[in-house]
Amino acid sequence: MKRQTTLATKIILGFSMLAVLLCAACTGIGYVQYRSYIQEQYNNRAYEIAEVFQDYCSVETLAGYLKLARSYKEGNATMEDIQEVVQSEEYQELLSQLNLLRENVNANDIYVGWLDIDELYAYDGSTEGWTPLIYVFDSYIDPELVYSFGDMSAINPKYLEESAAITETGERSDSYFISESAYGYNTSAILPIIYEGEVVGSVGVEIPMSTLQSATRDYVIHSVLGVALVTAICIAIYLNYLYRSMIAPINLISGEASRFVQEGNQISQKLETVHTNDEIQTLSETLLKMEIDINHYIDNLTKVTAEKERIGAELNVATQIQTDMLPSIFPAFPDRSEFDIFATMNPAREVGGDFYDFFLVDEDHLALVIADVSGKGIPAALFMVIAKTLIKNQAQMGHTPKEVMEAVNNQLCENNEADMFVTVWLGMLEISSGKLTAVNAGHEYPMLKRSQKGFELLHDDHGFVMGVMEDMPHESYEIQLYPGDSVFVYTDGVPDAADRDENQFGRERTLEVLNVDPDAAPEALLTRVKKSIDEFVGETEQFDDITMLCLNYKGTKENQAS
């Protein structure tokens, strides 16, 4: 069985993932903002240091030194000229103040120099031999790496555009110059030196951002812990609320549903205790109503099932009664050699509206009846019983087929509020002569076989169906049967039998089956036709009663001899 994850577990996992994402998002955003703030503070401090040095020195003096450095780089001054300045008391005083300032502010480097713009723009992407900056002053944390007046060096290629802009416009850059060295993260400030409206050089300050990494690390740790703690408390409070307002009621509903099944549909009143005033309460009320409805349904189903079983038992009895009403013992007249007769009836339901009958009116007259009542089921079966009884009673009174049909029609029309009707073919055979007198009241055409020939359709005269209109006349006709002749009568269930494509069996196919062996005994003929119908329809459900009757006239000794 597949292991299930509880709703509480899913909710806790979902909120935990949300808390992790929330902590990460808040910490990340805060980290970026905090780091940017620290960098800005350090950068501003670097500019303040540069401004302090500018305020201490005379701009005119610095401009003179820078002009000399520029002349030296352009080849218009010599190293002797620079050494003369370096050895002066004024220069040494400024250099001492610069070193003192660097030490007091814990800067890595403070320098003053001139930046060659032309060389900046001529940069080819390499730093080898590229020295756009010439120093005037330099105070570096490592004395061995200090540049002297007149020394030249490259600058960080990342800051080319900003350095050029500062030198050309005389305005400080909006960008932060951040770099990493053996002394950790550093920020630099480049402050232009302007003399008589012209940028003559710049003061550069590099200070270590000693607290940046530790401060940001502490910030991240405290932020994560703080956000996690607050989030955990909020989630715990909300989960407790969810448990009481959602999970616990849902667990109760789920448990009650399982208990209802396991304990034989016993209804508990616990579902009435769910008062969440939302969809969960609606679900609880719906489940309770469903349990009540299921019990009502089961009670009704039990009653219906019992009633259905009772009706089924009664239908079985009715089926047996109907079967017993039809002649079913064959040979029907074992002591009579003048004819052979066989009939079958296969109802589409438990009971049907088709019927057949044959009986001796007297020693020389045999009545043959086949009929089809409108409708199906019990109403048709009841009407069939009435029609069959009336026909037999009238025939046994010695009436002709015409008289029988007209009398029975009037009797069936009495109190026929259901508007049912019946089609009937009635034949009266005079056994001694072979004369068959018949009446067709809206029934199927009979099929007649003459001796040494096959079956053919007999288009006899059709009268109106019985049970609809009183005093309807019915005309009879006569057929002379000779020894070896056969009569096959049937209900519409034979030609109307259809396969799954709604193709009908039809009269032509019926004739073909009969004529496979037209001289066969009546029982064999009917068996062959029924088998052919079953093969034709296949698995398609039978929708109409199938009733057939066949008489083979053998004749008396006298007409056999003639």
Side-chain angles (χ1 to χ4, degrees), residues 322-323 325-328 330 332 339-348 351-361 365-376 380-381 383-396 401-402 404-405 408-409 412 420-429 436-449 455 457-467 474 476-477 479 481 486-497 505 507 510-511 514 522-523 525-527 529-530 533 544-553:
Q322 185 180 40
T323 301
M325 289 188 66
L326 304 180
S328 57
F330 298 97
F339 58 88
D340 185 11
I341 192 170
F342 192 81
T344 60
M345 198 273 280
N346 299 99
V351 291
D354 285 7
F355 69 90
Y356 66 85
D357 200 3
F358 51 83
F359 50 88
L360 286 171
V361 177
H365 290 87
L366 174 67
L368 307 172
V369 183
I370 190 162
D372 185 359
V373 177
S374 61
K376 296 176 178 62
F383 202 76
M384 161 260 179
V385 171
I386 296 173
K388 177 181 180 301
T389 302
L390 292 176
I391 291 172
K392 187 171 184 178
N393 288 342
Q394 288 292 332
Q396 287 181 328
K402 173 181 171 60
V404 170
M405 299 292 268
V408 171
N409 176 66
L412 291 176
M420 300 190 72
F421 61 89
V422 58
T423 66
V424 183
W425 181 89
L426 169 63
M428 191 72 70
L429 175 64
L436 178 66
T437 304
V439 175
N440 191 330
H443 199 72
E444 295 287 332
Y445 292 120
M447 295 181 182
L448 178 64
K449 182 195 81 76
F455 279 91
L457 196 65
L458 178 62
H459 294 276
D460 58 358
D461 294 332
H462 273 52
F464 199 65
V465 297
M466 299 174 64
H474 289 82
S476 62
Y477 62 91
I479 302 172
L481 298 181
S486 295
V487 177
F488 175 78
V489 287
Y490 51 93
T491 60
D492 58 3
V494 174
D496 292 349
F505 190 70
R507 296 191 186 96
T510 304
L511 288 171
L514 289 172
E523 181 178 0
L525 288 172
L526 267 60
T527 301
V529 173
K530 183 60 170 65
I533 292 174
D544 200 1
D545 303 334
I546 297 176
T547 305
M548 299 177 286
L549 183 148
C550 184
L551 169 74
N552 176 240
Y553 181 66

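By convention here, the first residue in the shown sequence is residue 1. Remember, predicted model here, so these are calculated numbers, not experimental data.
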Chemist: Please give me the minimum heavy-atom distance between V439 and K402, naming the atom from each residue.
Modeler: CG2-N, 3.7 Å
Chemist: Determine whether P495 and Y490 make a side-chain contact, defined as any pair of heavy atoms from C-beta on separated by less than 4.5 Å.
Modeler: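 Yes, side chains in contact.
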Chemist: Specify the closest pair of heavy atoms between L526 and C550, including all atoms of both residues, with the distance to one decimal.
Modeler: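 Taking every non-hydrogen atom into account, CD1-CB, 3.4 Å.
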Chemist: Start with the C-alpha gap between K530 and T344, add the side-chain angles, then the distance that decides, and say whether side-chain contact (heavy atoms from CB on, under 4.5 Å) holds.
Modeler: CA-CA 9 Å; K530 183 60 170 65; T344 60; over 6 Å; no
Chemist: Are the side chains of T510 and M447 in touch, meaning some heavy atoms are under 4.5 Å apart?
Modeler: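 When only atoms from C-beta onward are counted, M447 and T510 do touch, with a gap below 4.5 Å.
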Chemist: I need the minimum non-hydrogen distance between P522 and D340, along with the two atoms involved.
Modeler: CD-OD2, 3.2 Å
Chemist: Apply side-chain contact (heavy atoms from CB on, under 4.5 Å) to residues D545 and F355 and explain how you reach the verdict.
Modeler: CA-CA 9 Å; D545 303 334; F355 69 90; over 6 Å; no
Chemist: Checking F339 against L368 for the side-chain contact (heavy atoms from CB on, under 4.5 Å) test, could you report, in this order, the C-alpha distance in whole Å, the side-chain angles of both residues, the deciding distance, and whether it holds?
Modeler: CA-CA 12 Å; F339 58 88; L368 307 172; over 6 Å; no
Chemist: Return the minimal non-hydrogen interatomic distance between A371 and V422, and the atom names on each side.
Modeler: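 Closest heavy-atom pair between A371 and V422: CB-CG2, 3.8 Å.
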Chemist: Which residue in the set V489, D357, V404 passes side chain to side chain contact (heavy atoms under 4.5 Å, CB included) when paired with V369?
Modeler: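 Of the listed residues V489, D357, V404, the side chain to side chain contact (heavy atoms under 4.5 Å, CB included) partner of V369 is D357.
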Chemist: Is there side-chain contact between H443 and V424, with at least one heavy-atom pair below 4.5 Å?
Modeler: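 Not touching, per the 4.5 Å side-chain cut-off.
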Chemist: Assess the residue pair E444 and I370 against the criterion (side-chain contact (heavy atoms from CB on, under 4.5 Å)); give the C-alpha distance rounded to whole Å, side-chain angles, the decisive distance to 0.1 Å, and a yes or no.
Modeler: CA-CA 10 Å; E444 295 287 332; I370 190 162; over 6 Å; no
Chemist: For D461 and Y477, test the side chains for any donor-to-acceptor distance below 3.5 angstrom and give the result as yes or no.
Modeler: no
Chemist: Distance check, rounded to the nearest 0.5 Å: T389 atom OG1 versus M325 atom CE?
Modeler: 4.5 Å
Chemist: side-chain hydrogen bond (donor to acceptor under 3.5 Å, both in side chains) with D354: which of N346, T547, T423?
Modeler: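 Among the candidates, only T547 passes.
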Chemist: So if I apply the side chain to side chain contact (heavy atoms under 4.5 Å, CB included) rule between I341 and each of L551, V487, L429, N552, which one comes out positive?
Modeler: L551
Chemist: What pair of heavy atoms forms the shortest contact from F505 to V494, and how long is it?
Modeler: CB-O, 3.5 Å
Chemist: Rounded to the nearest 0.5 Å, what separates atom CD1 in I546 from atom CG in D492?
Modeler: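 Answer for the CD1-CG pair, I546 versus D492, is 10.0 Å.
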Chemist: Determine yes or no for a side-chain-to-main-chain donor-acceptor pair under 3.5 angstrom, with K449 supplying the side chain and L514 the backbone.
Modeler: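 Such a contact is absent between K449 side chain and L514 backbone.
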Chemist: Going from CH2 on W425 to CG on D460, what distance comes out if it is rounded to the nearest 0.5 angstrom?
Modeler: 8.5 Å
Chemist: Any side-chain to backbone donor/acceptor pair from H474 onto F464? Under 3.5 Å, distance only.
Modeler: yes
Chemist: Using modelled atom types and a 3.5 Å cut-off, is there a donor and acceptor pairing between side-chain atoms of S374 and backbone atoms of M420?
Modeler: no
Chemist: Angle class for the F330/F358 ring planes (parallel below 30°, perpendicular above 60°, tilted otherwise)?
Modeler: tilted
Chemist: If I compare all heavy atoms of L549 with all of Y356, which pair ends up nearest, and what's the gap?
Modeler: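 Reported closest heavy-atom pair: CD1-CB, 4.2 Å.
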Chemist: Going by heavy atoms in the side chains, are L326 and K388 under 4.5 Å from each other?
Modeler: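 SC-SC contact between L326 and K388 confirmed.
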